[in-house]
Amino acid sequence: MRKFEEKTIKTEHIFQGKVVQLQVDDVELPNGQYSKREIIKHPGAVAVIAITPDKKIVFVEQYRKPLEKSLVEIPAGKLEPNEEPLTTARRELEEETGYTTTDLTLVTSFYTSPGFADELMCIYLAKDLVRLEDPPKGDEDEFVEVIELTLDEAQQYVKEQRIHDAKTNYAVLYLESMGLLK
């Protein structure tokens, strides 16, 4: 057994949804005791830090039902089955913002909530944006408004908690630290 590894004794599948599935695992702990782990399985997601030619950051505002409020976020979405993250990033950029690019670069990836979920999010930087004449339709149950902000404006949105999610806060901090918008 690896250091701190928990051995799965039994898995009970509780819920299979469109986006996530929930399971409860009975585990043996490294000290020989037993416990339960509630686990959310997620296909993975991408987010895009999109920079316009005039050095503005492209965001979308959308309502988030779990929070009962709207947030301003960088464009993002989940991977479809057997879809590469780069393909998802381009698709989400086009569907949510109406922009496309040939310059998408992986910045980093991270687990969003490793205490209970296996979601891995890949963050891409998109430059050399071009507005599509006929952008693809987004998800029929997704309503977004595109907002373009300067870095200073985005920092103010963070202070006001209009930007208040991890991936978008990361994007603002990344742009601050890299000096890409000077």
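These figures come from a predicted structure and were not determined experimentally. Values reported hereafter were calculated over all heavy atoms of this structure, with side chains retained and with hydrogens, waters and symmetry mates removed.
The residues Glu68 and Lys65 are annotated as salt-bridged, a charged nitrogen and a carboxylate oxygen being separated by less than 4.0 angstrom. Between Arg131 and Glu148 there is a salt bridge, with a side-chain nitrogen of the basic residue lying less than 4.0 Å from a carboxylate oxygen of the acidic one. With salt bridges taken as basic N to acidic carboxylate O contacts below 4.0 Å, none links Glu95 and Lys137.
More than 12 heavy atoms of other residues, nucleotides or ligands shown are found within 6.0 angstrom of CZ on Phe110.
With values rounded to the nearest 0.5 angstrom, Thr108 atom OG1 is found 12.0 Å from Met121 atom CE. Once rounded to the nearest 0.5 Å, the distance linking CG of Asp25 with NZ of Lys7 reads 13.5 Å. To the nearest 0.5 Å, atom CD1 of residue Ile147 and atom CD of residue Glu73 are 10.5 Å apart. Interatomic distance, Phe116 CZ to Leu22 CG, rounded to the nearest 0.5 Å: 10.5 Å. In this structure, OG1 in Thr100 is found 5.5 Å from CZ in Arg90, a value given to the nearest 0.5 Å. Put simply, CD on Gln161 and NZ on Lys69 are 6.0 Å apart, with the number rounded to the nearest 0.5 Å.
Put simply, the side chain of Leu71 does not reach to within 4.5 Å of the side chain of Glu61, judged on heavy atoms. Side-chain contact between Thr168 and Tyr157 is absent, with no heavy atoms from C-beta onward closer than 4.5 Å. Gln62 is listed as a side-chain neighbour of Glu142, based on a closest heavy-atom distance under 4.5 Å. Counting heavy atoms from C-beta on, the side chains of Pro135 and Tyr99 never come closer than 4.5 Å. Within the 4.5 Å cutoff, side-chain heavy atoms of Leu175 are placed close to those of Ile57.
Residues Phe59 and Val144 do not share a hydrophobic cluster, defined by chaining ILVMFWY side chains whose heavy atoms lie under 4.5 Å apart. In the hydrophobic cluster analysis, where Ile, Leu, Val, Met, Phe, Trp and Tyr join through side-chain heavy atoms closer than 4.5 angstrom, Val58 is grouped apart from Val158. Following chains of ILVMFWY side-chain contacts shorter than 4.5 Å, one cannot reach Leu86 starting from Ile123, and the two form parts of different hydrophobic clusters. The hydrophobic cluster containing Val72 does not contain Tyr63, counting ILVMFWY residues as joined when their side-chain heavy atoms lie under 4.5 angstrom apart, directly or transitively. There is no path of hydrophobic side-chain contacts, each under 4.5 Å, that joins Val24 to Leu29.
Distance alone, capped at 3.5 Å, is enough to place a donor-acceptor pair between the Glu153 side chain and the Thr150 backbone. Here the side chain of Ser113 pairs no donor or acceptor atom with the backbone of Gly115 at under 3.5 angstrom. For Glu176 (side chain) and Leu173 (main-chain N/O), no donor-acceptor pair under 3.5 Å exists by modelled atom type.
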Side-chain donor/acceptor pairs under 3.5 Å, residues 74-82, sequence neighbours excluded:
none

Enumerate, atom names and distances included, each donor-acceptor pair closer than 3.5 Å involving a side-chain atom of residues 38-56, sequence neighbours excluded.
| residue | atom | partner | partner atom | Å |
| --- | --- | --- | --- | --- |
| Lys41 | NZ | Asp118 | OD2 | 3.3 |
| His42 | ND1 | Gly44 | N | 2.8 |
| Thr52 | OG1 | Asp54 | OD1 | 2.3 |
| Thr52 | OG1 | Lys56 | N | 3.0 |
| Thr52 | OG1 | Lys56 | O | 3.4 |

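The hydrophobic side chain of Leu132 is isolated, with no ILVMFWY side chain under 4.5 Å apart from it.
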